Amino acid sequence: MILYLGRRLLAVAGVLVAVAAVTFTIFYVLPSDPAAAACGKSCSVERLAAIRAHMGLDQPLWRQFADFVTGIFTGRTMGSGQYALHCAFPCLGYSYENSEAVWDLLMDRLPVSASLAVGAAVLWLVLGLGAGVTAALRKDTLTDRALMVGAVAAASLPVYFTSMMLIYGLIRTAGLLPYPQYVPLTGDPVRWASNLLLPWLALAVLYAAMYARQSRSSMIETMAEPYIRTARAKGLPRRTVVVKHGLRAGMTPVLTLFGMDLGGLLAGAVITESIFGLPGVGRLFYGALSTGDQPVILGVTLLAAAFIVVANLAVDLLYAVVDPRVRY
């Protein structure tokens with residue numbers, strides 16, 4: 001187990017370095033010049049050169065990337081002389097737009113994205129697994145067909161369409177919910193939940209549909225296994241057969257899908273946060289793309305990659321807990 005975990009941690013580090021290298025290279029070959037954008041239209045050659053030196057853009061690509069990677073673990077000093085600026089650990093650079101540390105920007109926005117992702121994940125797991133398992137246990141019945149037709153219809157709806165329909169129906173027409181304005185969980189849990197309910201529903205509709213179809217197919221395949229027939233022949237209660245023997249073994253594909261989806265959403269749901277005006281990581285990423293703020297784009301990309309690979313590592317470790325047939 002320890003050896004397996006060590007190998008996976010090395011693989012995680014390798015993936016993050018590869019993502020950073022590819023993203024960094026893409027930014028380097030782009031035609032836009034962040035130094036020229038920061039300097040303005042009436043910028044002298046001397047001033048432009050000074051800004052490029054302060055940003056470290058006058059260094060070779062390999063040196064810029066090496067400084068960036070080492071700064072994540074040790075911090076670094078950007079610029080020199082009276083313009084020197086120390087970036088503390090973990091250093092992801094400074095935003096070109098507002099001169100704030102990228103790490104601080106991410107940490108300010110992360111609670112919003114985490115609240116959105118975790119709340120939506122709870123909803124789509126409950127709805128998706130409930131519908132999928134129910135359909136599998138009633139295979140080829142009217143209930144099965146109705147649930148799967150509903151899942152296909154929900155999966156075909158784009159999240160922006162679902163979001164706009166929820167806003168129109170529950171806010172503008174019925175007035176049942178307030179328009180989402182993020183409130184910290186520690187400040188007021190009730191307002192936190194009521195303001196995030198619509199974004200949770202918008203995401204849960206799409207993901208629950210996919211999870212219902214996946215869990216149904218996994219449960220149908222698992223319930224046809226010989227050990228399930230043996231458990232039934234031994235006279236075990238139906239609930240024990242379904243939950244302890246069927247559901248645990250059939251949920252490994254769903255668990256894999258859940259790790260990737262949750263990891264991606266933790267780094268921001270760009271469309272959902274933009275529609276509902278939530279100040280999360282996804283909205284920060286969208287703004288950075290619009291202005292070409294490369295340090296912020298790189299920081300969000302690395303954060304998303306880190307969440308996804310760590311979530312997949314956690315899922316792999318949970319396999320042995322969910323399915324007793326899995327051993328490392």
Side-chain angles (χ1 to χ4, degrees), residues 8 116-162 200-266 269 271-272 307-328:
R8 290 304 307 270
L116 177 62
V118 174
V122 172
L123 279 180
W124 85 57
L125 276 180
V126 172
L127 297 175
L129 291 182
V133 173
T134 301
L137 297 179
R138 291 167 172 78
K139 180 184 176 183
D140 296 330
T141 65
L142 181 60
T143 301
D144 178 25
R145 294 188 179 94
L147 288 173
M148 288 303 100
V149 168
V152 172
S156 64
L157 297 176
V159 67
Y160 59 84
F161 177 81
T162 306
W200 287 345
L201 289 174
L203 288 172
V205 167
L206 175 63
Y207 284 94
M210 297 187 294
Y211 278 66
R213 299 173 64 186
Q214 178 64 57
S215 59
R216 176 187 180 273
S217 60
S218 298
M219 280 296 294
I220 289 176
E221 182 179 352
T222 302
M223 296 302 290
E225 293 288 338
Y227 69 88
I228 296 294
R229 293 196 297 268
T230 302
R232 288 171 173 168
K234 290 168 62 177
L236 293 178
R238 186 170 186 268
R239 177 176 297 181
T240 302
V241 174
V242 172
V243 176
K244 185 176 180 180
H245 298 285
L247 187 60
R248 288 181 63 184
M251 287 303 101
T252 49
V254 177
L255 192 60
T256 302
L257 187 63
F258 179 73
M260 297 182 64
D261 290 338
L262 181 60
L265 281 179
L266 283 172
I271 296 177
T272 306
F307 276 132
I308 291 174
V309 296
V310 170
N312 278 276
L313 175 60
V315 165
D316 288 346
L317 296 177
L318 285 174
Y319 279 158
V321 177
V322 175
D323 190 347
R325 297 173 298 178
V326 177
R327 291 293 181 269
Y328 297 107

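Please read all numbers here as calculations on a predicted model, not as lab measurements. The basis for the numbers below is simple: all heavy atoms, side chains too, and nothing from hydrogens, waters or symmetry mates.
For the atom pair CG of Leu201 and CG of Leu206, the computed distance is 13.0 Å after rounding to the nearest 0.5 Å. Summarising the geometry, atom CD1 belonging to Ile271 is positioned 11.0 Å from atom OG1 belonging to Thr162; distances are rounded to the nearest 0.5 Å. If you take CD1 on Ile228 and CG on Leu236, they are separated by 9.5 Å, rounding to the nearest 0.5 Å. Note: Tyr227 OH to Arg232 CZ = 11.0 Å, rounded to the nearest 0.5 Å. From Met148, atom CE reaches atom CZ of Arg213 across 8.0 Å, with rounding to the nearest 0.5 Å.
Classification of the Trp124-Phe258 ring pair by plane angle, with boundaries at 30° and 60°, yields perpendicular.
No donor-acceptor pair closer than 3.5 Å links the side chain of Tyr211 to the backbone N or O of Gly132. Between the Arg229 side chain and the Ala224 main chain, a donor and an acceptor come within less than 3.5 Å of each other. Distance alone, capped at 3.5 Å, is enough to place a donor-acceptor pair between the Thr134 side chain and the Gly130 backbone.
Closest approach of Gly264 and Ile308 over heavy atoms only: N-CG1, 3.7 Å. Nearest heavy-atom pair across Leu265 and Ala269 is CD2-CB, 3.7 Å. For Arg138 against Asp144, the heavy-atom pair with the smallest separation is O-CB, 3.0 Å. Taking each heavy atom of Leu127 and Ala208 in turn, the nearest pair found is CB-CB, 4.0 Å. Contact between Ala120 and Ala204 at its shortest, heavy atoms only, is O-CB, 4.2 Å. Here the closest non-hydrogen pair linking Leu123 and Trp200 is CD1-CB, 3.6 Å.
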Exercise. Run the side-chain hydrogen bond (donor to acceptor under 3.5 Å, both in side chains) check on Ser218 and Gln214 step by step: do they pass?
Worked result: CA-CA 6 Å; Ser218 298; Gln214 178 64 57; 3.2 Å; yes

For this session: Take Lys244 and Arg239 through the test side chain to side chain contact (heavy atoms under 4.5 Å, CB included) and record every step on the way to the result.
Result: CA-CA 8 Å; Lys244 185 176 180 180; Arg239 177 176 297 181; over 6 Å; no

For this session: Run the numbers on Arg216 and Val133 for side chain to side chain contact (heavy atoms under 4.5 Å, CB included), then give the verdict.
Result: CA-CA 6 Å; Arg216 176 187 180 273; Val133 173; over 6 Å; no

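For the pairing with Ser215, the side chain to side chain contact (heavy atoms under 4.5 Å, CB included) check across Leu125, Ile220, Val254, Leu247 returns one residue only, Val254.
Atom CE of Met260 is surrounded by 12 or fewer heavy atoms from other residues, nucleotides or ligands within 6.0 Å.
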